[in-house]
Protein chains: 2
Amino acid sequence: MAKTNLKLVEVDYASEGEANCKALGQIFERIGDKWTIMIVGALSRGPMRFNTLQRSIPGLSHKMLTTTLRGLERDGLVTRTAFATIPPRVDYELTEQGRSLHEPLLTLASWARSHQDYIEASRKSFDERAAE
Amino acid sequence: MAKTNLKLVEVDYASEGEANCKALGQIFERIGDKWTIMIVGALSRGPMRFNTLQRSIPGLSHKMLTTTLRGLERDGLVTRTAFATIPPRVDYELTEQGRSLHEPLLTLASWARSHQDYIEASRKSFDERAAE
DNA sequence: CTGAATCCGTCGAGATACTG
DNA sequence: CAGTATCTCGACGGATTCAG
């Protein structure tokens, strides 16, 4: 039953010392951010301008985009390069480290995709059972 | 530069049709939940009682645990079995599908772990630069 | 022990309007 | 076009209390 490659399991999140757990939590907070995943996904195909980025992600507001981008920049996962043209133009691009995040996220996306139907069905049946 | 196994890339989150993007968002909303990751991680080692589970995850409140567990149960990722003993006892256990989630999460945790230092350093230097 | 329900403070996120 | 600032509102999370 998916015993996995045990070599990887040195990590074992949510079990180690509290300090470590807390540190990992910091990271997960960024990754878990609703938009981070989408933005990294979009940028994985190359640098993008602010507006292009926003339009490529439905439902992402102006504000949330800037906020999330700041966070990613702070974490060294994205670089921001501004051109002093007029009108202004700003390109965002994944750093080496940012690109390395893409792969794990793909794994997750792949999981999500392949379990999407199952989950939807589970929810439906659960809700029906709950509505007695 | 980590060209990845391109076989997996059929997914390409955050780029496909809006409908699909929205559906995946539903899933990410669950995964992105601050506690889901931790709980799945804890349960990956076997069934657990409510209280044991809570104590194994620092900072997790009574309420959040029940809420998150309900969600996971609804999604068919966790089963809940109650024993009519006294005092009552309830075991939570990952389903087959729930266990399958563990692997992607490990990948992510592994990434987090190996980039933890880099990110922390980036944040620090960013904050210093910002404090002019 | 498990868990539902209530109250309540806090924070996140949208909308809007304004600079460069 | 890119970004900041302010305001407001609603949702989420914690603490507490009650029930089985």
Side-chain angles (χ1 to χ4, degrees), chain A residues 14 21-22 25-26 28-39 42-43 47-75 78-93 126-127 129-132, chain B residues 21-22 25-26 28-39 42-43 46-75 78-93 126-127 129-132:
Chain A
C21 180
K22 198 176 150 201
Q26 297 284 322
F28 280 136
E29 222 161 299
R30 159 130 334 285
I31 297 169
D33 178 352
K34 191 180 175 188
W35 301 116
T36 296
I37 301 183
M38 301 300 186
I39 291 177
L43 286 180
M48 266 201 194
R49 302 186 54 166
F50 186 88
N51 266 347
T52 316
L53 202 43
Q54 179 175 5
R55 272 191 300 268
S56 81
I57 304 177
L60 173 53
S61 72
H62 191 118
K63 182 181 179 178
M64 276 302 95
L65 179 54
T66 53
T67 304
T68 310
L69 283 174
R70 286 292 163 279
L72 286 169
E73 193 190 351
R74 187 169 101 103
D75 289 353
V78 155
T79 58
R80 175 185 179 280
T81 51
F83 300 91
T85 61
I86 190 167
R89 166 202 178 125
V90 181
D91 276 13
Y92 289 93
E93 184 174 11
F126 183 93
D127 292 345
R129 256 174 297 149
E132 53 349 356
Chain B
C21 181
K22 197 176 152 202
Q26 299 282 322
F28 281 136
E29 223 161 300
R30 158 127 338 284
I31 297 170
D33 177 353
K34 192 179 173 187
W35 301 115
T36 296
I37 300 183
M38 302 299 185
I39 292 177
L43 286 180
M48 266 201 195
R49 303 187 52 169
F50 186 88
N51 265 349
T52 317
L53 203 42
Q54 179 175 6
R55 273 191 301 269
S56 80
I57 303 179
L60 174 53
S61 74
H62 189 118
K63 182 183 181 179
M64 276 303 93
L65 180 54
T66 51
T67 304
T68 310
L69 282 174
R70 284 294 162 276
L72 285 169
E73 193 191 352
R74 186 169 101 103
D75 288 352
V78 155
T79 58
R80 174 184 180 280
T81 51
F83 300 91
T85 60
I86 191 168
R89 167 204 177 126
V90 180
D91 275 13
Y92 290 93
E93 185 174 9
F126 183 93
D127 291 345
R129 256 175 297 148
E132 44 4 345

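We name chains A, B, ... by the order of the sequence lines, and we start the count at 1 in each one.
To the nearest 0.5 Å, the span separating OG1 on B:T79 from CG on B:L43 amounts to 9.0 Å. Within the model, atoms CG of B:D33 and OG1 of B:T67 stand 9.0 Å from one another, a figure rounded to the nearest 0.5 Å. With values rounded to the nearest 0.5 angstrom, B:K34 atom NZ is found 9.5 Å from B:L60 atom CG.
In this entry the distance linking CD1 of A:I57 with P of C:dG14 reads 13 Å, nearest Å. Look at CZ on B:R70: it is 9 Å from C1' on C:dA4, rounded to the nearest Å. C:dG12 atom P lies 12 Å from atom CZ of A:R30, rounded to whole Å. Separating the CG atom of A:L65 from the C1' atom of C:dG12 is a distance of 16 Å, rounded to the nearest angstrom. To the nearest angstrom, P of C:dC1 lies 16 Å from CE of B:M48.
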With B for base contact, S for sugar-phosphate-only contact and - for none (protein heavy atoms under 4.0 Å), nucleotides 15-20 of chain C reads B----B
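Close to C:dC1, at under 4.0 Å from its OP1 or OP2, lies no side-chain N or O of B:Y92. OP1 or OP2 of C:dT2 has at least one side-chain nitrogen or oxygen of B:R49 nearer than 4.0 Å.
Scanning all heavy atoms of the two residues, the minimum distance from B:F126 to A:R74 falls at CD2-CG, 3.4 Å. Considering every non-hydrogen atom in both A:S61 and A:Q54, the closest pair reads C-NE2, 3.8 Å. Residues B:P88 and B:R49 share a closest heavy-atom pair of O-NH2, 3.5 Å.
Every residue two or more places apart in sequence or in another chain was checked for a ring pair (Phe, Tyr, Trp, His ring centres under 6.0 Å) with A:Y92, and none qualifies. Residues satisfying the side chain to side chain donor-acceptor pair (under 3.5 Å) test with B:D91, not counting sequence neighbours, are B:R89.
From one end of the helix from C:dC1-D:dG20 to C:dG20-D:dC1 to the other, with five pairs defining each end axis, the axis direction shifts by 40° (rounded to 10°).
Contact annotation for B:F83: no contact, since no heavy-atom pair falls under 4.0 Å across all strands.
Put simply, chain B comes within 4.0 Å of DNA chain D, heavy atom to any atom, from D:dG13 to D:dG20, going 5' to 3'.
Under the salt bridge (Lys or Arg N to Asp or Glu O under 4.0 Å) criterion, the residue pairs touching residues 60-70 of chain A are A:R70-A:E73, with sequence neighbours excluded.
Between B:T67 and A:L69, it is A:L69 whose nearest contact on DNA chain D lies nearer the 5' terminus.
Judged by distance alone, with hydrogens and angles left aside, the side-chain atoms of B:T68 form no donor-acceptor pair with the main-chain N or O of B:T36 at under 3.5 Å.
Put simply, the side chain of A:L69 does not reach to within 4.5 Å of the side chain of A:R80, judged on heavy atoms.
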